[in-house]
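Worksheet: one structure, shown below.
Values in this document were obtained by computation on a predicted structure and should not be read as measured data.
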Amino acid sequence: VQLQASGGGLVQAGGSLRLSCAASGIIFSVKTLAWYRQAPGKQRELVARIPVLGSTTYADSVKGRFTISRDNAKGTAYLQMNSLKPEDTAVYSCKVEDQPGYWGQGTLVTVSS
């Protein structure tokens, strides 16, 4: 199983980025996908989760600004991040939540003030 995250970078506060997580080696369409982030000196936290069916889940800190989505045909999950704030600066990682759980490598998002 491989998860390839991309799309991070440096952006000014108020700007937008879209992260992508391309999966291979799994039946993507039946998996729950999630984005996590870890800021310097802080614990990793859940940002957003998208199940196969049902509602998406967001951290309170990103509700209304971030949108998680998936394209099952492409085996890719996305995280659209709008109105970015300096406190969104972190390494963002994607994860297949279903056991045993698979992590992709992180992509760094830096938001300057």
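- Judged by distance alone, with hydrogens and angles left aside, the side-chain atoms of Tyr58 form a donor-acceptor pair with the main-chain N or O of Ile68 at under 3.5 Å.
- Heavy-atom minimum distance, Phe28 versus Arg70: O-NH2, 2.8 Å.
- Side chains of Arg49 and Thr32 form a contact here, defined as non-hydrogen atoms less than 4.5 Å apart.
- Under the 4.5 Å side-chain criterion, counting only non-hydrogen atoms from C-beta, Thr67 is not in contact with Leu79.
- Considering only heavy atoms from C-beta on, Asp88 stays 4.5 Å or farther from Val109 through its side chain.
- Residues Leu46 and Ala34 approach most closely at CD1-CB, 3.9 Å, considering heavy atoms.
- Here the closest non-hydrogen pair linking Gly106 and Val91 is CA-CG1, 3.6 Å.
- Among all heavy-atom pairs drawn from Ser16 and Asn82, the shortest one is OG-OD1, 2.9 Å.
- From Gln12, atom CD reaches atom OG1 of Thr110 across 13.0 Å, with rounding to the nearest 0.5 Å.
- Taking OG from Ser93 and CD from Gln105, the interatomic distance works out to 7.5 Å, rounded to the nearest 0.5 Å.
- No side-chain heavy atom of Leu19 sits under 4.5 Å from any side-chain heavy atom of Gln80.
- Smallest separation of non-hydrogen atoms from Thr76 and Ser20: CG2-CB, 4.2 Å.
- Thr89 places a side-chain N or O within donor-acceptor distance of the main-chain N or O of Val111, the cut-off being under 3.5 Å.
- In plain terms, the two heavy atoms of Ser112 and Leu10 that are nearest each other are CB-CD1, 4.3 Å.
- Salt bridge status for Lys31 with Glu97: absent, with no side-chain N to carboxylate O gap under 4.0 Å.
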Do Phe66 and Leu84 pass the side chain to side chain contact (heavy atoms under 4.5 Å, CB included) test, and can you show the C-alpha distance, the side-chain angles, and the key distance before you say yes or no?
CA-CA 9 Å; Phe66 290 12; Leu84 282 160; 3.8 Å; yes

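- Salt bridge present: Asp60 and Lys63 bring a charged side-chain N and a carboxylate O closer than 4.0 Å.
- Between atom CD of residue Gln2 and atom OG of residue Ser24 there is a gap of 4.5 Å, rounded to the nearest 0.5 Å.
- Note that CD1 of Ile26 and CG of Asp98 are 8.0 Å apart. Values are rounded to the nearest 0.5 Å.
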Would you sort out whether Cys94 and Leu3 count as a side chain to side chain contact (heavy atoms under 4.5 Å, CB included), showing the intermediate values?
CA-CA 7 Å; Cys94 55; Leu3 299 174; 3.9 Å; yes

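- A cation-pi geometry, defined here as NZ or CZ lying under 6.0 Å from the six-membered ring centre and within 45° of its normal, does not hold between Arg18 and Trp35.
- In this structure, Val47 is a member of the same hydrophobic cluster as Val11, with clusters built from ILVMFWY side-chain heavy atoms closer than 4.5 Å.
- Using modelled atom types, one finds no donor on one side chain facing an acceptor on the other under 3.5 Å when comparing Arg44 with Tyr36.
- Taken together through direct or relayed side-chain contacts under 4.5 Å among Ile, Leu, Val, Met, Phe, Trp and Tyr, Leu17 and Val62 form part of one hydrophobic cluster.
- Atom OH of Tyr92 and atom CE of Met81 lie 5.5 Å apart (nearest 0.5 Å).
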